[in-house]
2 protein chains.
Amino acid sequence: MTELKYLELPPCPVATTALLIGDHWKILIIRELLNGTKRFGELTKGLDGISNKVLSQHLKVMESRGLIERRVYAEVPVKVEYSLTDIGWKLKPLIHEMWQWGELYKSIEANK
Amino acid sequence: MTELKYLELPPCPVATTALLIGDHWKILIIRELLNGTKRFGELTKGLDGISNKVLSQHLKVMESRGLIERRVYAEVPVKVEYSLTDIGWKLKPLIHEMWQWGELYKSIEANK
DNA sequence: TCACATAGTTACCTATTAGTAACTATGTGA
DNA sequence: TCACATAGTTACTAATAGGTAACTATGTGA
């Protein structure tokens, strides 16, 4: 879901979450922001291989859905900071579970 | 990730999980199978609007990655059952977190 | 012999997503 | 005046994912 438009939420909460963040890049953007506020360029560095275009699209959609906040500083060169909103921070346990399960999966793969 | 091929796992566990199940349909397939073993046709009914082709592709990839198991019964007409593997079941807390967060998000949206 | 049911497969097409590379805006300081 | 840095945007193209509808295999029973 990269497109910016009105979203009808599905009845199932799992489907709702899948719709909002069930996407490779969005998950990793949240992972980055769980380490604190980041600038655009810092996010680019943390997200291996993401292009300006794709990062900027995802940030816009996530902001419009209330997951992250964008703050512009009138400095030169301009400084823009992204951070999680309250509800964005509530994704922390979910990302934590992803971390746990990913480690488990990797350890099992490694012992094959 | 619908394609069936050798997967190099990323160093980050979160990225690993995102790679394996960070996808709308796979999340919902797991949600379905957390309610127990299901036949192909039952999955189709539970996954609103999924086509035969897409369901079958995802099931194949998930089986090859060790998340689900496929069991064929020599009945007529043929009966095929899908279920979670051990590591598949370990996704339960993650899906539970998705449920929780989805409910929270929906309740906030509803009060806007 | 034929229709039925399940569990797919296949060919073809469309839609969505991502990648690339060049370009924009802005104020500063050499 | 010109280059610099940040944070994008834009046009174009490529890759991936999904939709549709018809088709396959199999043994049963009318």
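Every chain is numbered from 1 and lettered A, B, ... according to where its sequence line falls, protein lines coming before strand lines. The figures here come from the full heavy-atom set of this structure, side chains too, leaving out hydrogens, waters and symmetry mates.
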If the condition is salt bridge (Lys or Arg N to Asp or Glu O under 4.0 Å), which residues does [X] pass it with, not counting sequence neighbours?
X     : answer
A:E63 : none
A:E32 : A:K38
A:K45 : none

To the nearest angstrom, how far is [X] atom [atom1] from [N] atom [atom2]?
X     : N      : atom1 : atom2 : value
A:L47 : C:dT17 : CG    : C1'   : 16 Å
B:I29 : D:dG18 : CD1   : C1'   : 13 Å
A:Y73 : C:dG27 : OH    : P     : 19 Å
A:H24 : D:dA17 : NE2   : P     : 12 Å
A:W25 : D:dA17 : CH2   : P     : 14 Å

Distance below 4.0 Å between B:H58 side-chain N/O and D:dA17 OP1 or OP2: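 No, no such contact exists.
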
List for me each residue that meets ring pair (Phe, Tyr, Trp, His ring centres under 6.0 Å) alongside A:W99, sequence neighbours excluded, and say none if there are none.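 For A:W99, no residue satisfies ring pair (Phe, Tyr, Trp, His ring centres under 6.0 Å) once neighbours in sequence are set aside.
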
Going by salt bridge (Lys or Arg N to Asp or Glu O under 4.0 Å), name the pairs with one or both residues in residues 72-98 of chain B, residues two or more places apart or in two chains.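 Sorted pair list: B:K79-B:E81.
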
Heavy-atom closest contact (A:G46 atom, A:R31 atom, distance):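 So the minimum-distance heavy-atom pair works out to O-NH2, 3.5 Å.
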
Can you name the side-chain hydrogen bond (donor to acceptor under 3.5 Å, both in side chains) partners of A:E109, sequence neighbours left out?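 Here the qualifying residues are A:K112.
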
Residues in side-chain hydrogen bond (donor to acceptor under 3.5 Å, both in side chains) contact with A:E69, at least two apart in sequence or another chain: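 Scan of A:E69 (side-chain hydrogen bond (donor to acceptor under 3.5 Å, both in side chains), adjacent residues dropped) gives A:R71.
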
In 5'-to-3' order, the base (B), backbone-only (S) or no-contact (-) status of each nucleotide in nucleotides 2-14 of chain D, using a 4.0 angstrom heavy-atom cut-off, is ---BBSBBBB---

So what's the dot-bracket for DNA chain C: Watson-Crick or G-U pairs under 3.5 Å, [ ] if a pair crosses, | if it pairs off-strand? ||||||||||||||||||||||||||||||

Here's a test of your reading of the structure: between A:E75 and A:I50, which maps to the more 5' nucleotide of DNA chain C?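 Residue closer to the 5' terminus by nearest nucleotide: A:I50.
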
